Amino acid sequence: GLVAPGISRFADLTGVQRLGPSVSVPLQSGTRPLLSVLGGVVLLSENLEPELAVGVLAIVVGLWTLSRPPRPLGGARPPSSGLRSMARPGIVFPIISGTSFALSDVLKKQGLNEAADPTFGAMVAIGTALAVWLAATLSSAKLRSSLELGPGRWLFVVSGTLTALALISLFHALERGNVSVVGPITSSSPLAVFALSAIFLTDLETVTRRTVLAGGAVVIGASFVAMS
């Protein structure tokens with residue numbers, strides 16, 4: 001609960017705010033299966049199949065493309081100043097989110113192997129995250145002052161409800177399957193994000209062909225991992 005949805009959700013929302021969902025979500029969704037496979041193989045002794053290598057390669061290519069800064073108008077390349085210039089500001093947040101989700105998947109699987117009921121485990125995770133954020137809010141005047149209820153607050157209520165249902169489903173999936181399979185399958189959200197961004201967020205961000213192709217590579221890679 002502390003790692004995910006605690007740290008992971010904060011990093012996820014920050015990444016969406018700074019990069020837009022069509023870039024942030026595929027980055028987070030690509031990092032998660034990559035590290036879920038690594039954690040499953042190294043920490044839980046799960047099998048490494050050939051399809052995993054193909055999927056990981058596609059994910060890395062998609063992540064690299066998504067992390068490159070967009071070219072300025074006119075097609076000129078941006079000035080290069082080493083690896084730092086290749087990454088967009090805020091690119092670290094979806095990567096932190098994906099890493100936290102992957103680590104949390106490994107911890108969830110280990111906990112479920114030892115005893116816990118999936119639904120009860122999800123409730124503990126949600127409760128822990130809530131307790132951590134309440135403690136942080138109460139102890140930080142700056143954080144309290146930054147909180148305000150705007151007209152779109154009901155969207156966060158809907159989002160939180162869907163997130164809770166997704167977390168319960170994830171616990172049940174991890175009870176039945178390997179981390180190296182469940183992690184990549186849960187990373188299929190960019191398919192819906194691309195469609196919804198194009199429909200509802202046309203005034204906030206532009207979904208380019210490069211973004212679609214790179215995000216598609218991440219999803220295809222995750223699919224190969226899931227088929228292993």
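Here the structure is a predicted model, which is why all the values come from computation and not from measurement.
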Pairs meeting criterion side chain to side chain donor-acceptor pair (under 3.5 Å) with involvement of residues 47-63, two or more places apart: none
[X]: partners by side chain to side chain contact (heavy atoms under 4.5 Å, CB included), with sequence neighbours left out:
{"X": "Glu175", "answer": "Leu112, Pro118, His172"}
{"X": "Ile96", "answer": "Ile7, Ala11, Val92, Ser100"}
{"X": "Val16", "answer": "Asp12, Pro21, Ser24, Val25"}
{"X": "Phe156", "answer": "none"}

Quick one: hydrophobic cluster around Ile95, which other residues, with the 4.5 Å side-chain cut-off, linked directly or via members? none
Linking Ile, Leu, Val, Met, Phe, Trp and Tyr by side-chain heavy atoms under 4.5 Å, what else ends up with Val158? Trp154, Leu155, Leu162
Heavy-atom donor-acceptor pair, Asn178 side chain to Val181 backbone, under 3.5 Å: no
Within residues 23-38 or reaching into it, pairs that qualify as salt bridge (Lys or Arg N to Asp or Glu O under 4.0 Å) - sequence neighbours excluded: Arg32-Asp105
Connected via hydrophobic side-chain network under 4.5 Å: Val42 and Val182: yes
If we check side chain to side chain contact (heavy atoms under 4.5 Å, CB included) with Lys108, which of these qualifies: Leu103, Val3, Leu174? Leu174
Any heavy-atom pair between the side chains of Thr99 and Thr31 that's under 4.5 Å? yes
